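See structure below.
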Amino acid sequence: MGISSSALLLVGIDLSNGMIETANANLQKSDICNVRFIQMDADRLQFPDDFFNVVSCRHSPFHANEIARVLKSGGNIYNSAGL
């Protein structure tokens with residue numbers, strides 16, 4: 001049981017179409033239905049303001065302005081650098 005069981009919806013993004021294809025292929029092998037992968041540039045997130053309760057940034061550039069924009073007031077951010 002992973003993080004997906006703790007959330008209504010999880011969205012993963014990557015700029016690389018190949019990485020999105022790989023992620024979707026792996027997802028199809030699972031019984032997880034609340035995860036989506038979208039090709040997107042992290043410095044121009046295509047989500048509305050105040051959209052996410054939690055943002056996690058791992059193995060990618062950290063764009064604080066974009067994360068602050070899409071994170072709800074009182075939301076949490078986690079990243080691999082421990083910031």
Side-chain angles (χ1 to χ4, degrees):
M1 186 177 302
I3 191 172
S4 65
S5 64
S6 301
L8 180 62
L9 174 66
L10 296 174
V11 180
I13 67 165
D14 200 293
L15 190 55
S16 166
N17 185 53
M19 292 300 291
I20 296 299
E21 289 176 355
T22 299
N24 280 321
N26 290 334
L27 182 61
Q28 288 179 350
K29 297 174 190 174
S30 75
D31 61 352
I32 299 170
C33 60
N34 62 335
V35 176
R36 304 292 180 270
F37 296 106
I38 305 169
Q39 185 178 4
M40 187 181 304
D41 192 340
D43 67 353
R44 288 184 295 278
L45 296 174
Q46 300 168 17
F47 299 107
D49 295 354
D50 306 316
F51 189 73
F52 292 104
N53 294 311
V54 177
V55 172
S56 176
C57 181
R58 298 190 54 188
H59 312 294
S60 67
F62 181 86
H63 299 281
N65 289 342
E66 279 296 280
I67 291 172
R69 182 183 65 76
V70 300
L71 190 62
K72 289 183 178 182
S73 178
N76 293 297
I77 181 166
Y78 301 94
N79 70 38
S80 59
L83 300 173

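Fair warning: this is a prediction, and the values are worked out from it, not measured in the lab. Computation of the quantities below employed the complete heavy-atom set of this structure, encompassing side-chain atoms and omitting hydrogens, waters and symmetry-equivalent molecules.
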Are Ile20 and Ile32 connected into the same hydrophobic cluster when the rule is that any two of I, L, V, M, F, W, Y join if their side-chain heavy atoms are below 4.5 Å apart?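 Yes: a chain of side-chain contacts under 4.5 Å links Ile32 to Ile20.
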
Applying a strict under-4.5 Å side-chain criterion to I, L, V, M, F, W and Y, I'd like to know whether Phe51 and Ile77 cluster together.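 Yes, Phe51 connects to Ile77 through the hydrophobic network.
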
Residue from Val70, Leu9, Ile67 passing side-chain contact (heavy atoms from CB on, under 4.5 Å) with Phe52: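 One option only clears the test, and that one is Val70.
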
My understanding is that only one of Val54, Asn53, Val55, Asn76 makes a side-chain contact (heavy atoms from CB on, under 4.5 Å) with Leu71; could you say which?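 Considering Val54, Asn53, Val55, Asn76, a side-chain contact (heavy atoms from CB on, under 4.5 Å) with Leu71 is found only for Val55.
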
How long is the straight-line distance from CG of Asp49 back to CD of Glu66, given to the nearest 0.5 Å?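 Atom-to-atom, Glu66:CD and Asp49:CG are 9.0 Å apart.
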
Rounded to the nearest 0.5 Å, what's the gap from CG on Asp41 to CD1 on Ile13? Could you check?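 If we round to the nearest 0.5 Å, Asp41:CG and Ile13:CD1 are 7.5 Å apart.
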
For [X] and [Y], work out which heavy atoms get closest and say how close.
X: Arg58; Y: Ser56; answer: CG-OG, 3.8 Å
X: Leu45; Y: Met40; answer: CA-SD, 3.8 Å
X: Gln39; Y: Leu15; answer: NE2-O, 2.9 Å

Judged by modelled atom types alone, do Glu21 and Asn17 share a side-chain donor-acceptor pair under 3.5 Å?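 Yes.
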
Enclosure of Asn65 CG (heavy-atom neighbours >12, cutoff 6.0 Å):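 Incorrect, the count does not exceed 12.
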
